[in-house]
Asker: 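Sending over a structure as structure tokens; questions will come in a sec.
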Amino acid sequence: MERDEKDYLEHCLALLKERGVTVEDIADCARYLQSGYHHSLKTEELCLSVLKVLEKREVQFAVMTGIALDKAAEQGLLPDKELEGLLMEDAPLYGVDEVLAYGICNTYGSIALTNFGFIDKDKYGIIRKLNEAGKGTGRCNTFLDDLVGAIAASAASRFAHNVEEE
Ligand code: MG
């Protein structure tokens, strides 16, 4: 049976939930990014925008890849122990976590990329929680915090681009 995008959407939502992230958490970050521009965005509109981003297959593949690496690192399952060490300490110069996240933003243009850079520095909401929970706790959120930031940045940029909802 061929898998369609809905299969991966459900799979990704389950993965995010398992790692402590809900659609509402990401929508809250998107609201924060858009707060200077669209004051009247409702939670449902923001959640819908997050789901639209998560419906894209390349976003789903980025989520699956990043979360698998985080989980493998914290379970001690990576074949390269040097890499495992870098992921476990969330080494600032590693940077591949951001590069994977850029892949998500690239689908939504330069506004998404700028939004991502901002929230990555600012570490608002769930992103701050994930970042703190992944430092010296045995938990690895090295990829997850950037994935969440990129999805929020993309969801926010959809409003800036006036993307029509179907
Ligand atoms: Mg990171």
Side-chain angles (χ1 to χ4, degrees), residues 8-9 11-35 46-47 49-158 160:
Y8 292 118
L9 174 62
H11 179 59
C12 288
L13 290 173
L15 282 173
L16 288 166
K17 197 167 176 209
E18 179 198 322
R19 302 299 287 175
V21 179
T22 64
V23 169
E24 289 76 12
D25 290 330
I26 307 176
D28 182 46
C29 293
R31 181 203 311 281
Y32 174 69
L33 284 167
Q34 266 304 292
S35 56
L46 288 155
C47 286
S49 188
V50 168
L51 288 171
K52 285 283 169 200
V53 174
L54 278 165
E55 274 177 15
K56 289 207 182 253
R57 185 160 282 196
E58 56 193 296
V59 175
Q60 295 166 359
F61 289 164
V63 167
M64 288 155 68
T65 302
I67 290 179
L69 285 165
D70 280 352
K71 285 166 76 172
E74 76 189 24
Q75 291 164 13
L77 294 175
L78 284 176
D80 184 332
K81 295 302 163 196
E82 296 291 345
L83 175 63
E84 196 167 275
L86 288 165
L87 296 193
M88 285 308 292
E89 69 173 90
D90 199 359
L93 292 178
Y94 173 64
V96 183
D97 43 347
E98 280 93 2
V99 175
L100 187 66
Y102 295 157
I104 292 175
C105 298
N106 278 339
T107 322
Y108 292 90
S110 58
I111 297 176
L113 212 52
T114 309
N115 278 340
F116 173 70
F118 176 73
I119 206 157
D120 183 45
K121 272 225 173 295
D122 203 52
K123 305 214 187 298
Y124 172 82
I126 185 74
I127 297 170
R128 179 174 300 276
K129 273 193 207 161
L130 290 171
N131 188 58
E132 284 167 5
K135 298 256 191 253
T137 56
R139 181 87 175 181
C140 181
N141 287 334
T142 295
F143 279 89
L144 183 59
D145 60 346
D146 297 290
L147 291 168
V148 169
I151 296 164
S154 302
S157 80
R158 291 182 73 255

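Counting convention: from 1, in listed order, for ligands and their atoms alike. What's counted below: heavy atoms across the whole structure, side chains too, no hydrogens, waters or symmetry copies.
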Asker: Between E24 and R31, does any side-chain N to carboxylate O distance fall below 4.0 Å?
Answerer: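 Salt bridge absent between E24 and R31.
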Asker: Decide, yes or no, whether a salt bridge links E18 with K71 under the criterion of side-chain N to carboxylate O below 4.0 Å.
Answerer: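 Yes, this pair counts.
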Asker: Under 2.8 Å from the Mg ion (ligand 1) - does any N, O or S atom of D90 fall there?
Answerer: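 No, since none of the N, O or S atoms of D90 sits under 2.8 Å from the Mg ion (ligand 1).
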Asker: Kindly give the atom name of the N, O or S atom of D145 closest to the Mg ion (ligand 1).
Answerer: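 Sorting the N, O and S atoms of D145 by distance to the Mg ion (ligand 1) puts OD1 first.
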Asker: Please verify the inter-ring angle class for Y32 with Y124; under 30° counts as parallel, over 60° as perpendicular, anything in between as tilted.
Answerer: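 Y32 and Y124: parallel rings.
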Asker: Heavy-atom count around K123 NZ within 6.0 Å, excluding the residue itself: above 12?
Answerer: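 For K123, atom NZ is crowded (more than 12 foreign heavy atoms under 6.0 Å).
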Asker: Between L147 and A62, which heavy-atom pair has the shortest distance, and what is it?
Answerer: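 Closest pair (atom of L147, atom of A62, distance): CD2-O, 3.6 Å.
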Asker: Does T142 bring an N, O or S atom to within less than 2.8 Å of the Mg ion (ligand 1)?
Answerer: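 True for T142.
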Asker: Output the atom name for the N/O/S atom of D146 with the smallest distance to the Mg ion (ligand 1).
Answerer: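 Within D146, restricted to N, O or S, the Mg ion (ligand 1) is closest to atom OD2.
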Asker: Let me check your reading of the structure: within less than 2.8 Å of the Mg ion (ligand 1), is there an N/O/S atom from D97?
Answerer: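 Yes.
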